[in-house]
Number of protein chains: 2
Amino acid sequence: MNAVTIKDVASAAGVSVATASRVLSGHPATSPDSRAKVESAAKELGFMPNAQARSLRSTKTDSIALLISDVRNPYFSDLAHAVEQHARAAGLMTFIGNANEDAAQQDDFLATMLSRRVDGLVIVPQGLNEESNQPSEMMNRVLSSGIPTIFVDRALPSIQVPAITANSAQALDEAVATLHSLGHQKIAFIGGPKHASTALERYSAFDTALANNGLHADEALHFVGDFQPASGALAAQWLLDNPAKPSAVIIADAPMAIGALRVWRELGIRVGADLSVITFDEVDAMLIHDPPIATIGHDLSQMGKMAVQALREVMAGHQPEPEELISKFTLRPSVASAKATQVMEGKVRP
Amino acid sequence: MNAVTIKDVASAAGVSVATASRVLSGHPATSPDSRAKVESAAKELGFMPNAQARSLRSTKTDSIALLISDVRNPYFSDLAHAVEQHARAAGLMTFIGNANEDAAQQDDFLATMLSRRVDGLVIVPQGLNEESNQPSEMMNRVLSSGIPTIFVDRALPSIQVPAITANSAQALDEAVATLHSLGHQKIAFIGGPKHASTALERYSAFDTALANNGLHADEALHFVGDFQPASGALAAQWLLDNPAKPSAVIIADAPMAIGALRVWRELGIRVGADLSVITFDEVDAMLIHDPPIATIGHDLSQMGKMAVQALREVMAGHQPEPEELISKFTLRPSVASAKATQVMEGKVRP
DNA sequence: CTTACTCATGTAAACGATTCCATGGAATCG
DNA sequence: CGATTCCATGGAATCGTTTACATGAGTAAG
């Protein structure tokens with residue numbers, strides 16, 4: 001392997017390891033002479049410092065961890081990319097971990113990162129345990145360990161950690177108002193699991209939006225999914241079978257939307273004609289869809305930037321304020337007037 | 001922070017650090033008695049071993065690195081997910097790095113991983129330097145360092161490293177034959193940059209496929225893109241302006257397809273009617289598209305599995321054979337008979 | 001010319017684990 | 001019963017760096 005150590009460099013340069021170390025890590029107290037000798041020796045030998053030895057002594061690793069639920073979800077891969085780019089600009093390496101919406105994998109990743117002594121943690125929290133209503137044991141350990149941590153996208157209400165979240169109440173309101181003004185009376189909502197903070201907020205923001213627009217909120221119009229494509233597919237069928245015959249639907253994330261859209265297409269339901277659709281997460285797949293899907297979303301690059309900024313604040317010993325991005329509603333042709341929808345009733349349901 | 005070390009555990013348990021270490025790392029020579037004492041002490045104190053100290057001494061990190069070009073490309077995020085899951089099953093942590101199709105970022109990531117002494121490397125190589133026709137300096141260092149490495153998805157012809165690749169010649173042939181049988185005479189190809197091995201192979205496999213089907217290969221029907229959405233958008237326009245008036249097109253990756261499809265939709269070109277489209281990479285976005293896009297693709301989960309297997313072989317000191325997955329062509333409604341296309345000529349170009 | 005101060009350098013002690021080696025007690029065997 | 005083997009244990013060396021401290025040369029001030 002790479003058996004060349006700083007000792008080799010030092011002796012090749014004819015100086016002590018201390019001097020070599022000082023030169024290589026940019027310590028000011030070095031003479032131009034030894035600087036030259038050490039640098040050329042290092043280059044000559046192809047010296048590559050051992051990061052573990054270095055951070056064992058210096059107790060910093062210049063790295064952070066990002067815990068998301070799934071890289072395959074375009075929302076999170078966009079976020080991961082943004083976080084990584086901004087961290088990189090600050091000289092920090094980012095470790096990306098998948099929780100797969102699974103508490104065990106989340107804890108596993110956190111344990112590994114704690115062991116590796118990363119300098120900070122950006123977490124999209126998976127929510128509290130459903131029975132105990134507590135954070136997982138490993139999450140507690142992270143929090144009590146004092147390692148700089150921030151939450152992004154979601155927050156855990158009971159836990160005192162700076163968070164960067166998105167507020168979509170206003171956008172949802174706008175979306176519902178738009179649907180209402182187009183004549184839609186029955187609007188369904190395909191939401192996330194009840195243990196995720198974002199999911200809960202969206203259910204209640206949706207109901208509030210209905211109320212604001214003089215519409216009747218009704219549990220029967222909520223579908224409780226799990227943010228994954230398969231549950232979107234189930235929801236698609238549920239919607240068609242729903243006795244209230246909703247003419248419009250709002251979906252709480254992109255993967256569920258992808259699952260649902262596929263089912264509707266296969267069944268011949270014409271989105272934007274038979275059914276009006278609005279989805280959270282402004283990702284590519286929604287824009288190339290024919291017709292393009294109206295979305296409620298926010299700037300992920302911005303969110304990543306704010307997350308890294310906030311984390312660096314914490315790392316510097318400060319206590320940044322929680323910040324909220326305001327989501328934006330973008331109308332697109334997947335939304336049509338309710339008239340068109342009535343046609344569907346006769347067509348797809350005999 | 002987490003100031004509890006193995007020393008604390010040892011003294012709490014009333015044994016030496018050596019014994020504590022043996023218990024905690026599962027060494028057989030330990031008595032049930034001390035095992036019990038050490039384990040309970042460790043749990044009590046919330047001991048979390050310092051990974052750097054451990055691997056500094058033991059020279060293994062139980063981690064591998066995966067270098068891809070972009071997490072936001074669904075093809076690669078699917079691959080990353082597969083690699084990660086299989087590595088995880090083998091007790092290995094995966095570090096995912098983005099090259100952003102950029103040699104500098106690639107080298108940066110490799111340097112960091114070399115410093116961190118990962119046990120192995122799975123690389124989607126970015127291709128040789130365009131001027132020197134050589135691998136980058138850092139890549140050379142990786143190769144000469146002797147660290148177990150395999151290539152996945154792409155290969156570098158001149159370099160002797162086990163690779164898991166996909167062969168799409170057969171699928172391309174089938175795709176072209178299908179188009180030809182539907183009456184298409186002019187088929188365009190939107191390819192990748194000339195320095196990527198996969199890109200080159202696909203150009204020539206495409207031309208071979210044309211020849212096999214009695215069609216004339218023509219440079220003027222090649223568009224040289226860069227695998228990114230923006231170049232797909234350019235290609236979309238190029239195709240419409242192409243004097244040969246192609247009635248069908250094959251696109252060499254999903255991001256370019258996404259870029260192109262969006263442009264065509266905005267211009268009112270009806271895919272599957274005005275224009276027949278086949279794309280590489282069987283990703284979600286192609287399946288929810290209306291109409292669904294015919295694809296040439298392979299099983300990424302399988303590819304990830306083979307990559308991890310091959311890497312573990314190398315890590316064990318063996319020399320695995322290079323393996324090739326055979327890509328599959330899947331016909332979908334984005335492909336129609338050439339008749340429909342002739343209609344477009346009148347319609348979209350006055 | 002002495003004193004004080006700066007500055008580059010080297011020596012050696014950390015950092016927190018693993019692991020080689022020596023030790024001594026218990027168990028086994030002839 | 002003495003010799004041999006086995007096995008759990010602790011002491012100490014080790015991995016490759018950084019860094020506190022001591023040193024000695026050079027310089028500026030008095």
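These numbers come from a predicted model, not from an experiment. Just so we're on the same page: letters track the sequence lines, and every chain starts at 1.
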Chemist: Side chains of A:Thr112 and A:Ser115 only: does a donor on one sit below 3.5 Å from an acceptor on the other?
Modeler: no

Chemist: Do any N or O atoms of the protein come closer than 3.5 Å to N or O atoms of nucleotides 5-12 of chain D, and which pairs are they?
Modeler:
from	atom 1	to	atom 2	distance (Å)
D:dT9	OP1	B:Ser31	OG	2.9
D:dT9	OP1	B:Ser34	OG	3.2
D:dT9	OP2	B:Ser31	N	3.2
D:dT9	OP2	B:Ser34	OG	2.8
D:dG10	OP2	B:Ser16	N	2.9
D:dG10	OP2	B:Ser16	OG	3.0
D:dG10	OP2	B:Thr19	OG1	2.5
D:dG10	N7	B:Arg22	NH2	2.8
D:dG10	O6	B:Arg22	NH1	3.3
D:dG10	O6	B:Arg22	NH2	3.3

Chemist: A:His27 NE2 to C:dG10 P: how many Å, rounded?
Modeler: 14 Å

Chemist: Search all heavy atoms of B:Ser31 against all heavy atoms of B:Ser34 and return the closest pair with its distance.
Modeler: OG-OG, 2.8 Å

Chemist: So, for B:Gln126 and B:His195, which heavy atoms are closest and what is the spacing to 0.1 Å?
Modeler: O-ND1, 3.3 Å

Chemist: Any Lys/Arg nitrogen of A:Arg141 or A:Glu137 sitting under 4.0 Å from an Asp/Glu carboxylate oxygen of the other?
Modeler: yes

Chemist: Which whole-number value in Å describes the distance from B:Lys60 NZ to D:dT14 P?
Modeler: 22 Å

Chemist: Distance check, rounded to the nearest 0.5 Å: A:Leu311 atom CG versus A:Leu121 atom CG?
Modeler: 8.0 Å

Chemist: Write down the distance between CE (A:Met48) and P (D:dT17), rounded to a whole number of angstrom.
Modeler: 11 Å

Chemist: Need the bend value for the helix from C:dC1-D:dG30 to C:dG30-D:dC1: angle between end axes, 5 pairs each end, nearest 10°.
Modeler: 40°

Chemist: Checking A:Met303 against A:Glu323 for the side-chain contact (heavy atoms from CB on, under 4.5 Å) test, could you report, in this order, the C-alpha distance in whole Å, the side-chain angles of both residues, the deciding distance, and whether it holds?
Modeler: CA-CA 10 Å; A:Met303 190 175 226; A:Glu323 295 200 69; over 6 Å; no

Chemist: Would you tabulate the pairs of protein nitrogen or oxygen atoms and nucleotide nitrogen or oxygen atoms of nucleotides 13-15 of chain C closer than 3.5 angstrom?
Modeler:
from	atom 1	to	atom 2	distance (Å)
C:dA14	N3	A:Arg57	NH1	3.0

Chemist: Answer yes or no: is there a side-chain heavy-atom contact under 4.5 Å between A:Val161 and A:Leu156?
Modeler: no

Chemist: Would you kindly give the CG-to-P distance between B:Asp62 and C:dT18, to the nearest whole Å?
Modeler: 11 Å

Chemist: Whole-Å distance between D:dG16 C1' and B:Gln52 CD?
Modeler: 12 Å

Chemist: Using a distance-only test with no angle check, is there a side-chain donor-acceptor pair under 3.5 angstrom linking A:Arg22 and A:Thr30?
Modeler: no

Chemist: Do any N or O atoms of the protein come closer than 3.5 Å to N or O atoms of nucleotides 23-28 of chain D, and which pairs are they?
Modeler:
none

Chemist: For the pair made of CZ in A:Arg117 and P in C:dA17, what is the distance, rounded to whole Å?
Modeler: 7 Å

Chemist: Which residues satisfy the ring-ring contact (aromatic ring centres under 6.0 Å, His included) test with B:Phe227, sequence neighbours excluded?
Modeler: none

Chemist: Work out which heavy atom in B:Arg154 is nearest to a heavy atom in B:Pro125; give both atom names and the distance.
Modeler: CD-O, 3.2 Å

Chemist: Kindly write out the residues that satisfy salt bridge (Lys or Arg N to Asp or Glu O under 4.0 Å) with A:Arg72, not counting sequence neighbours, or none if the list is empty.
Modeler: A:Asp70

